Each structure stands twice: as C-alpha cells, then as structure tokens.
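Here's the structure, in structure tokens; my notes come after.
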Amino acid sequence: MNEANLATPAAAANAEKVEAKIEVKLDAKQNLEVADDQVTVGQCFTDAPKMTMRNVNVFYDDKQAIHNVSIDIAQNEVIAMIGPSGCGKSTFLRSLNRMNDTVESCRVEGEICMDGEDLYAPKLDVVELRARVGMVFQKPNPFPKSIYDNVAYGPKIHGLADTRVDLDEIVENSLRRASLWDEVKERLHQSGTGLSGGQQQRLCIARAIAVSPEVILMDEPCSALDPIATAKIEELIEELSENFTIAIVTHSMQQAARVSHRTAYFHLGRLIEVNPTEQVFTMPEHELTEAYITGRFG
Amino acid sequence: MSKPLDNLGKIRKSLNRRNRSEQLFRWYGRIAIMIGLAAVLVLFTDIVSKGNGAFRITYLQLEVNYDQELIGVDNLADPRQLAQGDWQVILKQALRNQFPDVSGRGDKRRLNALVSNGAGFDLKDRLVANPLLLGETETVWVLADDDIDTYYKSWLDGEPYAARLTDKQVEWITQLHDQGKIRLQFNSNLFTRGDSREPEQAGIRGAVMGSLLTLILTLILSFPIGVAAAIYLEEFAPKNGWTDFIEVNINNLAAVPSIIFGLLGLAIFINFFHVPRSVPIVGGLVLTLMTLPTIIITSRAAIKSVPPSIREAALGMGASKYQMVLHHVLPLALPGMLTGAIIGMAQALGESAPLLMIGMVAFIVDIPGGFSDPATVLPVQIFLWADSPERAFIEKTSAAIMVLLSFLIVMNTTAVWLRKRLERRW
Ligand SMILES: Nc1ncnc2c1ncn2[C@@H]1O[C@H](COP(=O)(O)OP(=O)(O)OP(=O)(O)O)[C@@H](O)[C@H]1O
Ligand SMILES: [Mg+2]
C-alpha cells in the first residue's frame with residue numbers, strides 16, 4: 001500500500017494492522033509446510049479394496065501436483081477428499097478414470113488398480129475404463145440435447161440396451177435414482193440445458209449412473225448449487241452408495257461429514273491423513289488436518 | 001464520514017464523462033454504418049439503373065411467310081435440311097413486304113439489318129414445333145438487332161442515340177412505332193442462352209451453369225477436406241512445432257492473392273496432370289485450393305468455440321474421441337462451419353482472376369452440361385462483356401452483375417438463416 005494515499009492517521013493504522021495480519025498468516029503457512037518425506041497418517045488401506053493407489057505421482061510438465069499418494073478405496077464406500085484450493089484433489093480424482101489423459105502436459109506415475117487390474121496398463125482401453133468409472137463434474141455439463149438423450153447417451157454408445165423399451169427403462173430408472181424423474185417426466189424431450197442448475201447436476205448424475213458404473217467420481221458436485229439442491233444431491237449420494245463406490249471432492253466440510261465414510265485430507269499435493277470421517281472431524285490425527293478443519297487456512 | 005460522499009461526487013463526475021464517451025462512440029458507429037450503407041446504395045442504384053434495361057429487349061412485328069422454296073426445305077424431319085436452310089431470307093422477304101418502297105442495295109441491306117442475325121433460327125424453332133406452318137403466313141414478333149434495340153430504348157427514354165443508324169433506319173423505326181409494330185418484351189434470351197457475339201442474343205445461362213458446376217465441385221471438394229483437416233488439427237493432432245508450422249502456413253495461404261492459385265492450377269492440373277483447360281473440373285480444383293484455407297480457419301474457430309465441458313462430459317461417459325467429435329463437437333460446430341463454407345463459396349463465386357489463368361475466359365457459346373464441358377463463369381462473363389465494344393453490352397454487363405449480386409445475397413442470407421436455425425435447436 002502506498003503511504004501517500006492514506007489521508008488520515010486512522011487509515012494508516014488500519015493498514016498496519018492488515019499487514020500484521022498477513023504476516024501472521026504467512027507465518028502460520030510456513031509452519032504448516034509439509035516435509036518431503038511426509039507419510040500419510042491414519043487408515044489408508046482396507047481389506048477388500050475396490051481401487052488401490054500406490055505411490056502415485058502426477059506431474060504437469062515439470063511441476064509435480066501429486067506427491068507419492070497411496071490409498072485404498074473400499075467397495076461401496078463413500079470417500080471424501082478435502083483440502084485447500086490447489087492442493088491436487090481434482091488432479092488426483094481425474095487420474096482415477098484417466099481423464100488426465102486429455103491434458104497433454106499431464107503425466108501419471110505409480111500404480112492405480114481397480115479390482116487388481118492396472119488402470120495405466122498399455123492394453124487397457126480408456127473407453128471401457130470410463131464406462132466402469134463414471135464422473136460428475138463441478139459445473140453441471142449436460143449435453144445440449146434432450147433430457148432423454150442425455151441419459152440415453154451412455155447406454156447407446158456402450159450398446160447396453162437392445163431395444164427401445166430397454167433404453168426407456170434405463171432412462172427412467174436412472175432419472176428415478178437421481179430423484180429427477182418426477183420433475184422431468186413430462187418433458188423428457190426438451191433440452192437438458194433448460195433445467196435449473198440443481199436439476200442439471202442431477203441430470204449429470206443420472207447420466208453417469210445410466211451405464212451402471214462401478215465407481216463414481218464427483219468433483220465438487222454441489223459447488224454451483226443452492227442448499228436445497230445440495231441437500232437433494234447429498235441424499236442421493238447416500239442412496240447411491242448402496243450400489244456404487246463413490247469418491248467425492250468437496251470444499252464443504254459439512255458435506256464431507258454428512259455423506260462420507262472416510263475422509264482424505266490433501267495438502268500441497270500430499271495426502272496427509274485418511275481416517276473415518278467422524279474421527280477426522282472430531283479428533284484429527286495430523287496437525288495440518290486440524291488446522292484446516294478448524295479454519296486456520298484454506 | 002465525508003469520504004463516501006466525496007467518492008459519490010467523483011463517481012458522478014466520471015459518470016458524465018463516461019456517458020459522453022459512450023454517446024460519442026455510438027455516433028462513430030452510426031456514422032460508419034451510414035457510410036457503408038451509402039456506398040452499397042450508390043453501387044446498387046448505379047448498377048440497377050444501368051442494368052435494368054437489359055431485362056427488356058426490342059421486338060419487331062412482321063408478317064412472315066414460311067416459303068419452302070426460299071428456305072430450301074421440304075422435309076422438316078431431316079436435320080441436314082434444317083441446318084442448311086436459309087432462314088434469314090424469309091425475314092428479309094417479310095421486311096421488304098413491310099417496306100415495299102425501299103430500293104437500292106445499300107438501303108435493302110440496312111433494312112435487313114433491322115432484325116437480329118439469329119432471328120431466323122427462332123423462326124426455324126417455331127416451324128419445327130409446329131410443322132403445319134410450312135408454306136403458311138403468320139404474324140410474329142422477331143428479335144431486333146442490338147443497334148435498333150439501343151436506339152429504340154434510348155428514344156423511348158427521350159435521349160435518342162442514333163450514332164450507329166442511318167436516317168432511313170430511324171425513319172423505318174418511327175414508322176413501325178407509329179403502327180405499333182415495335183415494342184419492348186421481356187428478354188428471356190438473357191436467361192436461356194449462352195454467350196454470343198450479338199448482344200441481343202447473348203445470355204448468361206452458360207456462365208450461370210459454369211459457375212454452378214464449378215461451385216458444386218468446389219463445395220464437394222473443399223468442405224469435406226476443410227472440415228476433416230480442421231477436426232484433425234483441433235482434436236487429434238499433437239500440439240508441436242509441426243502443427244504450429246501447418247497453422248502458420250494455412251493462415252499464409254488464406255492471404256495469398258487468388259491469381260497465384262490460378263498459376264498453381266495451370267502448372268499442376270493443366271500442365272502436369274493434363275486436365276483440359278476451360279472446364280469446370282479445373283476451375284473447381286483451383287477454387288478448392290483457394291477456399292480451403294478459409295474453410296479450415298472458420299471450421300477450426302467453430303470447433304474451438306465448443307465448450308470444453310461438453311468434451312469432458314462426453315469423454316467422461318466413455319465416448320471415444322471419435323464419438324465425442326461426431327456426436328457432440330461436430331453438431332455444435334456445424335453452424336459455424338456451414339457459415340464459413342458459404343462465405344468461402346461466395347468468395348469463389350465472385351472470383352475471376354485465377355480462372356483467367358486456366359482458360360475459363362474463352363468465348364463459349366454452348367451451355368455447359370457437365371464438369372468436362374468448356375465453360376466460363378459469371379464474373380468472367382462480366383469481364384468479357386465489360387470488355388466488348390458494342391454499346392448494348394453495357395446494360396448486359398450491369399444485368400450480369402445484378403444476377404451475380406443476387407446469387408451472393410441469396411448465399412449470404414442462407415448462411416445467416418442456416419446459422420440462426422441450427423443454433424436455435426437448443
Ligand atoms: N492443466 C493443468 N496444467 C498445469 N497445472 C495444472 C493443471 N491443472 C491443475 N494444475 C495445477 O495442479 C495443482 C493442483 O490442481 P487441482 O486442480 O488438482 O487442485 P484442486 O485441489 O482441485 O483445487 P480446487 O479445490 O481449487 O479445485 C495446482 O497447483 C494447479 O495449478
Ligand atoms: Mg478442483
């Protein structure tokens with residue numbers, strides 16, 4: 001701030017205070033810096049994992065976004081990933097269904113397996129993988145096609161429905177499970193982009209579950225939604241967890257607390273702590289986790 | 001406390017200034033548009049005022065006797081007789097009957113010059129269509145010569161131009177006018193005939209067909225190639241030095257003067273591959289080379305404008321890249337691509353320079369019926385007519401320009417309509 005611009009002594013004093021605050025913050029950050037040999041604390045591994053990640057490193061060109069992450073995701077589990085902005089949650093999530101392949105500069109190292117099968121094996125077909133690991137994005141992104149076509153798209157390209165009747169059934173079921181059916185059944189053939197934000201996001205969820213994936217990845221699915229739509233989607237996640245394994249990135253700790261079984265805390269590209277959600281929010285093991293959930297930074 | 005109020009004052013002050021600059025800017029815009037509109041208006045009024053005369057042409061009424069002896073025909077089914085018959089002679093006879101006082105070789109020749117050289121063939125066509133007329137007499141309107149046409153129109157307009165007529169001819173025309181035996185009719189020849197040395201018989205059908213054939217070929221070749229190239233470059237090609245190099249060169253090609261493409265076509269298609277000259281095939285190939293960069297650039301822009309979230313959604317659903325492009329990117333980019341293609345076609349339609357290089361400037365009377373028939377195109381036809389010495393070609397030139405412009409307007413309107421329509425789908 002330029003001194004000459006401060007008209008009154010009071011303003012100058014204010015400015016000093018602000019600067020002091022910033023210093024404190026910087027200090028706190030420095031203290032919370034993670035060491036290079038940081039190991040994840042808590043319960044990273046499970047007995048019967050659906051997905052296993054071992055020593056995963058992700059790079060954008062030379063910049064490393066994920067450092068040495070190892071974690072299991074159990075069958076029918078909802079795992080929440082939290083952490084400050086830019087810590088690599090999306091990057092990690094997107095490496096689970098190889099959406100990072102679309103980013104030219106991105107490189108993934110380490111081992112990511114589903115049911116014991118290496119997802120980065122050269123012979124693995126990403127098309128099949130993405131049919132098995134579905135994704136819901138932060139911003140609702142329905143296709144500019146009808147609601148029906150949005151949901152029917154996956155089954156169509158993967159050849160899941162033999163007849164028109166089958167397809168109708170899949171569409172109806174998916175919309176019902178996404179608790180959108182009652183709202184749209186009268187206008188299945190109108191544009192999906194004409195729905196409200198929350199409806200669009202539920203449409204995207206319906207679209208994702210229409211191909212019956214084994215795992216669903218959700219990247220901040222409620223960040224663009226109002227509390228009511230959010231509540232609906234959270235309810236939905238709970239129901240879906242009966243049939244699917246879900247990994248969800250969220251900025252809302254309440255949301256993580258409400259929907260997930262386990263919570264993983266990321267910090268500057270490192271996985272700091274993984275523990276049952278209840279424990280993470282009541283008795284975090286690591287001081288960084290505690291600092292984050294108590295709102296000292298983020 | 002005083003500070004917020006002070007700010008408000010400052011904001012208000014700057015508000016005045018901002019509003020003033022906005023008003024000023026609006027006026028700049030309006031003036032710019034008015035200048036543009038005025039230019040278009042001047043152009044159109046000039047062309048229309050010069051060209052609208054060409055849509056009507058002078059006919060003379062004569063009593064024609066289809067005299068077998070004179071023509072030298074007794075069997076109308078024999079093409080050789082038809083081809084060899086002297087059809088003009090019955091017109092001469094009719095004129096002499098109309099003006100029995102005319103004598104002397106010079107006067108008779110000038111009298112014969114009242115009707116078009118080709119008018120006899122029109123009579124032949126009438127006779128072939130209705131063979132019962134052979135040996136009979138009928139009253140017909142026959143095409144006048146272009147000098148008569150020019151004079152009669154200018155005379156009707158009150159500024160007679162008689163430089164190419166003798167006093168006698170002027171007198172005959174006046175007589176015919178007084179008897180109601182000369183009049184202007186719709187000039188259907190303009191739209192049904194090919195080029196001719198005689199202005200009154202010259203039409204733009206040949207050039208329109210030539211343009212059409214050339215454009216069809218251009219569209220068939222350049223749209224798929226351009227779109228495929230754009231899709232490959234945008235969606236599949238790795239981003240490296242090579243693709244940058246290609247991109248720079250495509251942009252360079254778009255800026256290359258069109259005549260260079262003509263030279264290229266001459267060297268490659270005609271001299272190397274021995275494609276015949278003056279035919280729509282070679283014209284289409286050359287115009288394809290010329291419009292490809294435009295189509296590639298507009299198609300790439302259209303593809304780029306498809307939001308990345310749609311691509312992610314498709315890939316996230318397990319669509320292959322090809323399916324993503326085919327199902328989602330292409331439908332969304334299509335309006336932009338079509339607009340680009342139509343603009344490219346409009347450019348190609350108006351292009352003459354490269355076609356001059358590959359011989360499409362030849363004088364061609366026959367209407368081309370296929371891609372390998374010698375042809376010319378509208379802009380080249382305009383160039384040819386504008387270059388002709390006959391005064392009657394002046395209005396023909398303007399008429400051809402009007403036709404070309406209306407094609408362009410139709411194409412551009414289609415582009416706008418298509419874009420609106422396709423975009424409105426969702
Ligand atoms: N396409 C990319 N190219 C280069 N760097 C990237 C790219 N995407 C992400 N990054 C970098 O990787 C790091 C992790 O980003 P990521 O998007 O995974 O963070 P995040 O935890 O999801 O953040 P947020 O909560 O804000 O979404 C950041 O430092 C970011 O700048
Ligand atoms: Mg993110």
Side-chain angles (χ1 to χ4, degrees), chain A residues 7-8 10-11 90 93-94 96-105 125-147 149-160 190-194 200 203-204 207-211 213 216-219, chain B residues 1-10 231-244 246-247 302-337 419-426:
Chain A
T8 62
S90 300
L93 197 74
R94 288 163 60 93
L96 300 186
N97 69 343
R98 290 184 56 176
M99 277 307 280
N100 278 337
D101 288 14
T102 59
V103 182
E104 204 135 328
S105 63
D125 195 333
V126 290
V127 167
E128 186 201 306
L129 169 64
R130 290 182 192 142
R132 293 171 64 192
V133 182
M135 187 149 195
V136 178
F137 297 84
Q138 174 169 359
K139 236 181 77 193
N141 56 355
F143 299 129
K145 298 180 189 293
S146 73
I147 293 169
D149 286 339
N150 261 283
V151 184
Y153 184 66
K156 262 189 203 156
I157 58 171
H158 296 300
L160 301 184
Q190 288 174 23
S191 171
T193 49
Q200 285 187 21
L203 177 62
C204 291
R207 184 176 67 186
I209 60 183
V211 291
I216 302 176
L217 310 175
M218 298 186 174
D219 193 348
Chain B
M1 268 291 113
S2 69
K3 208 156 182 208
L5 287 177
D6 203 341
N7 273 351
L8 202 59
K10 278 183 189 164
I231 290 176
Y232 178 76
L233 285 174
E234 273 308 311
E235 301 286 345
F236 294 98
K239 301 270 172 289
N240 57 25
W242 268 109
T243 39
D244 286 349
I246 290 173
E247 166 149 22
I303 293 172
K304 267 200 196 110
S305 71
V306 175
S309 64
I310 301 290
R311 292 163 213 265
E312 286 212 312
L315 292 177
M317 284 307 299
S320 64
K321 210 155 182 183
Y322 170 75
Q323 286 172 324
M324 172 193 89
V325 171
L326 198 69
H327 299 160
H328 302 286
V329 175
L330 216 50
L332 291 177
L334 203 61
M337 289 175 165
R419 196 173 51 208
K420 283 257 165 65
R421 205 196 124 92
L422 288 173
E423 269 173 358
R424 221 184 318 139
R425 258 180 64 202
W426 295 113

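To find a chain, count down the sequence lines: A is the first, B the second, and so on, and within it residues start at 1. The shown structure was predicted, so the numbers you read here are calculated from the model rather than taken from an experiment.
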Near-ring test B:H328/A:Y153, centroid separation under 6.0 angstrom: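 Aromatic pair counts; centres sit under 6.0 Å.
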For A:E104, give me all partners under salt bridge (charged side-chain N to carboxylate O under 4.0 Å, His left out), at least two apart in sequence or on another chain.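 Not a single residue meets the salt bridge (charged side-chain N to carboxylate O under 4.0 Å, His left out) criterion with A:E104.
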[X], part contacting chain B, at a heavy-atom distance under 4.5 Å:
| X | answer |
| --- | --- |
| A:V211 | side chain |
| A:P142 | backbone |
| A:R94 | side chain |

Can you find a side-chain donor-acceptor pair between A:N141 and A:R207 that sits under 3.5 Å?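 Yes - a donor-acceptor pair under 3.5 Å links their side chains.
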What residue in B:E312, B:K239, B:Q323 has the most heavy-atom pairs under 4.5 Å with chain A?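 Option with the greatest count: B:E312.
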Give me the one residue out of A:M135, A:M99, A:H158 that meets side chain to side chain contact (heavy atoms under 4.5 Å, CB included) with A:R130.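 Going through the options one by one, the only one that passes is A:M99.
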